[in-house]
Peer 1: 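Handing you a structure now.
Just so it is clear, the values below take in all heavy atoms, side chains as well, and ignore hydrogens, waters and symmetry mates. By convention in this document, chain letters (A, B, ...) are assigned in the order of the sequence lines, proteins followed by strands, and residues within each chain are numbered from 1. Since we're looking at a predicted model, the values are computed, not measured.
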Amino acid sequence: MNNLQGLLKDWRRTNYASQCDAEIAGSDVTIMGWVHEIRDFGGIMFVIIRDVTGRVQITAPSKKVGEEILEELRELRKESVVAIKGTAQEAPKAPNGVEILPKEVKILNLANQPLPMDPTEKVKAGIDTRLDSRFLDIRKENVSAIFKIKGQMFHTIRDFFYDNGFYEINTPKLVASATEGGTELFPITYFEKEAFLGQSPQLYKQMMMASGMDKVFEIGQIFRAEEHDTLRHLNEAVSIDAEASFADDEDVMKILNDMIIQVLKDVNENCADELDILGHEIEVPSGDFPVVTYDEAIDIVNSKDVEMEWGEDLSREAEKALGDTMGGFYFLTRWPSEIKPFYVMPVDGDEKYSHAFDLMYNNLELSSGATRVHQYDLLVKQIEERGLNPAGFGSYLKAFEYGMPPHAGWGVGADRLTMVLTGSENIRECVLFPRDRHRLTP
RNA sequence: GCCCUGGUGGUGUAGGGGCUAUCAUGUGGGCCUGUCGAGCCCGCGACUCGGGUUCAAAUCCCGGCCAGGGCGCCA
C-alpha cells in the first residue's frame with residue numbers, strides 16, 4: 001500500500017524480556033524484539049521473542065486467541081522485528097515460568113529469508129561468514145556478551161582515570177609526519193598534501209605534559225599498516241593511553257596495575273551473566289603483579305630451550321615460553337635501550353638498559369610503557385642514534401625546550417585486554433567491525 | 001610477506017577421474033494443542049575463478065582470488 005509500514009505509533013515497550021517472570025503474571029505487557037524461533041503446532045503456536053536482555057515466549061493457543069492473531073503470527077519469519085501486546089501468565093512449562101498470551105501483534109519489519117547465517121547457532125558459521133553479517137552475528141548472546149563486557153571495561157577505566165585526577169583528551173589521528181620510525185603508516189591524501197593515519201598518540205600526550213595538564217588519558221583508535229596476519233593483530237585498534245607528569249615508570253606501573261585490578265573486579269561483579277554465557281572465569285590477582293626483568297626473562301626462555309640473545313625482542317616462541325612460566329599478569333622490565341624507542345629513558349649510569357616495561361598476560365603483550373626522556377638534548381641524541389632526523393620532529397621537540405617536566409606513561413591495547421576479559425582467542429571476536437590485512441568491510 | 005591446510009546449496013559438511021553429488025540445518029508448502037535442538041510428509045537449493053591434462057574434471061596439474069592455522073613484521 002505504501003512504504004510507511006510497521007510504525008511504532010503509540011506503542012512503547014513496557015517490559016524487556018528479562019523483566020518477564022512469575023512476578024508480572026496477570027499484567028498486560030508490550031514486548032518488542034526479534035523473532036528468535038517459531039514453533040507452529042496448528043492448534044497452538046509458540047514464538048520466542050529476543051531482545052537485548054534475553055528471551056520471552058509468546059504462547060498462542062487457538063482456543064484462547066483470535067484467528068486473526070494466529071494469522072499474523074504465521075506471517076512472521078525468523079529474525080523479523082515485532083511488537084506484541086499481551087497478558088503475562090504463569091506457566092511452569094514455559095521458560096522463566098512465564099509466557100505472554102498475545103492480544104495484538106504489530107509486525108515492525110519482516111526479515112528476508114533465507115538469512116545469511118543462523119543466529120540460533122544450530123549450524124555454527126565460520127568467523128568470516130559471521131563478520132560479513134556482523135549485525136546478525138551480534139544478535140547472538142555469546143557475541144553481544146563480549147561487547148557488554150568491553151563496555152564495562154571502558155566504563156571502569158574512565159571512572160578510574162577521573163577518580164585519579166587524569167583529564168581525558170583527544171589527539172589528532174590525521175598526522176603529517178611519517179618520521180616517527182618503526183611501524184608502517186597508512187598514507188592518505190590531505191588536500192594538496194600527503195598525510196598519515198596516526199599510529200599512536202604517544203608524541204601528543206607527551207606534548208600535553210608540557211601544557212601543564214599534569215595527567216592525561218585518551219581512549220582512541222590507532223592505525224598500523226603492518227601486513228600481519230595473526231589472531232592478536234589488527235590494522236585498526238583501540239588504544240588506552242595514559243601519561244603522567246612528575247612520575248616515573250614505577251609510578252605508572254602502579255597506576256596500570258590498580259586499573260587492571262579494578263577492571264577485573266568490576267567485570268566480575270557487573271557482568272556475571274555475560275561471563276557465564278561465555279563460560280569464562282576471571283581470577284582477580286591480589287596485590288601487585290609479579291615483575292620479571294628482561295635479563296631474567298632471557299634465562300627463563302633459554303632454560304626452555306628457546307634461543308634468545310641479549311638485545312633481541314621476544315620471538316613468538318619466547319613469549320610463549322615466558323608466558324608458560326609466569327602465567328597471568330606480569331610486568332617485564334628493564335629492557336635494553338637499543339630495542340626501545342627514542343623517547344624511552346635510559347637507566348642512569350647503566351645506559352644500555354632502559355626504564356621501559358611491558359605488561360603481559362600469559363604470552364600476550366597488553367601494554368608498553370616507560371619513563372620518558374624529558375631533556376631536549378638527550379632526546380635529540382636518541383633520535384639521531386636511531387637513524388631518524390630530528391628535523392622531522394620539530395613541533396614535538398619544541399615542547400621540550402620551554403619547560404617539560406619529568407613524566408612517564410603507557411598504552412594498553414583495549415581489544416587485547418578484552419580478549420583476556422572474555423577468554424577470546426581471536427582479537428576479531430573483540431572488535432565490532434575489525435580491520436585486518438584483508439577486511440575493510442563492513 | 002613466508003610455510004602448511006583448505007574453498008561443495010543461505011549456513012556447516014561428506015565425497016575425491018565417469019553419480020541424478022552425501023548429510024545436517026535452513027527455506028517454501030502440508031499435518032499436528034505444550035514446544036523449548038519439537039516431530040512427520042512433500043518440494044527447493046551447491047562443486048572458488050581462469051588455464052591445462054583427459055574420451056571424460058567438482059575430483060589431477062599450474063596460476064589467481066579467498067579462508068583457516070603457524071611464523072615473520074608490529075618505534
Peer 1: Need one value for A:Ile48: base, sugar-phosphate or nothing, where a base atom within 4.0 Å counts as base even if backbone is also close, heavy atoms only.
Peer 2: nothing
Peer 1: Starting at CE of A:Met117 and ending at P of B:G9, how long is that distance when rounded to a whole Å?
Peer 2: 16 Å
Peer 1: So if I apply the side-chain contact (heavy atoms from CB on, under 4.5 Å) rule between A:Ile58 and each of A:Ile48, A:Val35, A:Ile49, which one comes out positive?
Peer 2: A:Ile49
Peer 1: If we take the C1' atom in both B:C23 and B:A46, what is their distance in whole Å?
Peer 2: 14 Å
Peer 1: Contact class for A:Arg316 (heavy atom, under 4.0 Å): base, sugar-phosphate, or nothing?
Peer 2: sugar-phosphate
Peer 1: Could you check how far CG of A:Asp40 sits from C1' of B:G29, rounded to whole Å?
Peer 2: 12 Å
Peer 1: Indicate whether any N or O donor in one side chain lies under 3.5 Å from an N or O acceptor in the other, for A:Thr293 and A:Asp295.
Peer 2: no
Peer 1: Distance check, P atoms only: B:C36 and B:C71, in whole angstrom units.
Peer 2: 44 Å
Peer 1: How far does the P atom of B:G6 sit from the matching atom of B:G17, given to the nearest Å?
Peer 2: 14 Å
Peer 1: Mind checking A:Glu227 for me? I need base, sugar-phosphate or nothing, with any heavy atom below 4.0 Å counting as a touch.
Peer 2: base
Peer 1: A:Arg437 has a side chain; which of B:U33, B:G1, B:G26 sits nearest to it?
Peer 2: B:G1
Peer 1: Would A:Phe41 count as stacked on B:U33 if the rule is ring centres under 5.5 Å and plane angle under 30°?
Peer 2: no
Peer 1: According to the Watson-Crick and G-U wobble definitions, with both distances under 3.5 Å, which nucleotide is paired to B:G6?
Peer 2: B:C66
Peer 1: With a non-hydrogen cut-off below 4.0 angstrom, is A:Pro95 in contact with a base, only sugar-phosphate, or nothing?
Peer 2: base
Peer 1: What is the separation between atom CZ on A:Arg77 and atom C1' on B:G10, rounded to the nearest whole Å?
Peer 2: 16 Å
Peer 1: When you compare B:G26 with B:G9, how far apart are their C1' atoms, in angstrom units rounded to a whole number?
Peer 2: 10 Å
Peer 1: Nearest-nucleotide wise, let me know which of A:Pro92 and A:Arg428 is further upstream toward the 5' end of RNA chain B.
Peer 2: A:Pro92
Peer 1: Given B:A67, B:G34, B:A75, which nucleotide is nearest the side-chain atoms of A:Lys93?
Peer 2: B:G34
Peer 1: In this structure, how many angstroms lie between the P atom of B:C66 and the CG atom of A:Leu440, rounded?
Peer 2: 13 Å
Peer 1: Starting at the 5' end of RNA chain B and moving along, which residue's nearest nucleotide shows up first, A:Glu99 or A:Thr230?
Peer 2: A:Glu99
Peer 1: Name the nucleic acid region contacted by A:Asp313, choosing base, sugar-phosphate or nothing; use a 4.0 angstrom heavy-atom cut-off, strictly under.
Peer 2: nothing
Peer 1: Output the rounded distance in Å from CD (A:Gln89) to P (B:G34).
Peer 2: 15 Å
Peer 1: Rounded to the Å, how far apart are A:Ile49 CD1 and B:C36 P?
Peer 2: 18 Å
Peer 1: Rounding to an integer number of Å, can you tell me how far A:Arg232 CZ sits from B:G70 P?
Peer 2: 8 Å
Peer 1: When both hydrogen-bonding distances must be under 3.5 Å and the geometry is Watson-Crick or G-U wobble, what is B:C74 paired with, if anything?
Peer 2: none
Peer 1: Nearest to the A:Gln57 side chain among B:A38, B:U35, B:A67, which nucleotide is it?
Peer 2: B:U35
Peer 1: Looking only at the side chain of A:Tyr343 (C-beta and beyond, no hydrogens), which of the listed nucleotides B:A75, B:G37, B:G10 gets closest?
Peer 2: B:A75
Peer 1: Using the P atom on both, measure B:U48 against B:G7 and round to a whole Å.
Peer 2: 8 Å
Peer 1: To the nearest Å, how far apart are A:Leu115 CG and B:G26 P?
Peer 2: 11 Å
Peer 1: Side chain to side chain donor-acceptor pair (under 3.5 Å) with A:Asn363: which of A:Arg316, A:Glu317, A:Lys320?
Peer 2: A:Arg316
Peer 1: Excluding sequence neighbours, so at least two apart, what forms side-chain hydrogen bond (donor to acceptor under 3.5 Å, both in side chains) with A:Glu75?
Peer 2: none
Peer 1: May I ask you to verify whether the side chain of A:His233 and the base of B:C74 hold a donor-acceptor pair under 3.5 Å?
Peer 2: yes
Peer 1: Can you say whether a donor on the side chain of A:Glu37 sits under 3.5 Å from an acceptor on the base of B:U35, or the other way round?
Peer 2: no
Peer 1: Among B:U33, B:C32, B:U11, find the nucleotide with the atom closest to the side chain of A:Ala125.
Peer 2: B:U11
Peer 1: NA contact type, A:Ile127, heavy-atom cut-off 4.0 Å: base, sugar-phosphate, or nothing?
Peer 2: sugar-phosphate
Peer 1: How are the rings of A:Tyr294 and A:Trp310 set relative to one another: parallel (under 30°), tilted (30 to 60°) or perpendicular (over 60°)?
Peer 2: perpendicular
Peer 1: Can we call the ring centroids of A:Phe161 and A:Phe217 under 6.0 Å apart?
Peer 2: yes
Peer 1: Is A:Lys64 touching bases, backbone alone, or none of the nucleic acid, heavy atoms closer than 4.0 Å?
Peer 2: nothing
Peer 1: Tell me if the CH2 atom of A:Trp335 is crowded by more than 12 foreign heavy atoms within 6.0 Å.
Peer 2: yes
Peer 1: Return the pairing partner of B:G17 with a 3.5 Å limit on both distances, Watson-Crick or G-U wobble; otherwise return none.
Peer 2: none
Peer 1: Can you tell me the pairing partner of B:C31 across any strand shown, Watson-Crick or G-U wobble, with both distances under 3.5 angstrom?
Peer 2: B:G39
Peer 1: As a test of reading the structure: which of B:C36, B:U27, B:U11 is closest to the side chain of A:Lys78, going by heavy atoms?
Peer 2: B:U27
Peer 1: Which whole number of Å gives the distance between the C1' atom of B:G52 and that of B:U59?
Peer 2: 15 Å
Peer 1: Determine the interatomic distance between C1' on B:A24 and the same-named atom on B:G15; round to the nearest Å.
Peer 2: 16 Å
Peer 1: How far does the P atom of B:G10 sit from the matching atom of B:U22, given to the nearest Å?
Peer 2: 15 Å
Peer 1: Parallel, tilted or perpendicular for A:Phe289 and A:Phe331, by the 30°/60° rule?
Peer 2: tilted
Peer 1: Report which part of the nucleic acid A:Lys63 touches: base, sugar-phosphate, or nothing (heavy-atom distance under 4.0 Å, all strands).
Peer 2: base
Peer 1: Please classify the nucleic acid contact of A:Lys124 as base, sugar-phosphate, or nothing, using heavy-atom distances under 4.0 Å.
Peer 2: sugar-phosphate
Peer 1: Watson-Crick or G-U wobble partner for B:C44, using a 3.5 Å limit on both distances?
Peer 2: B:G26
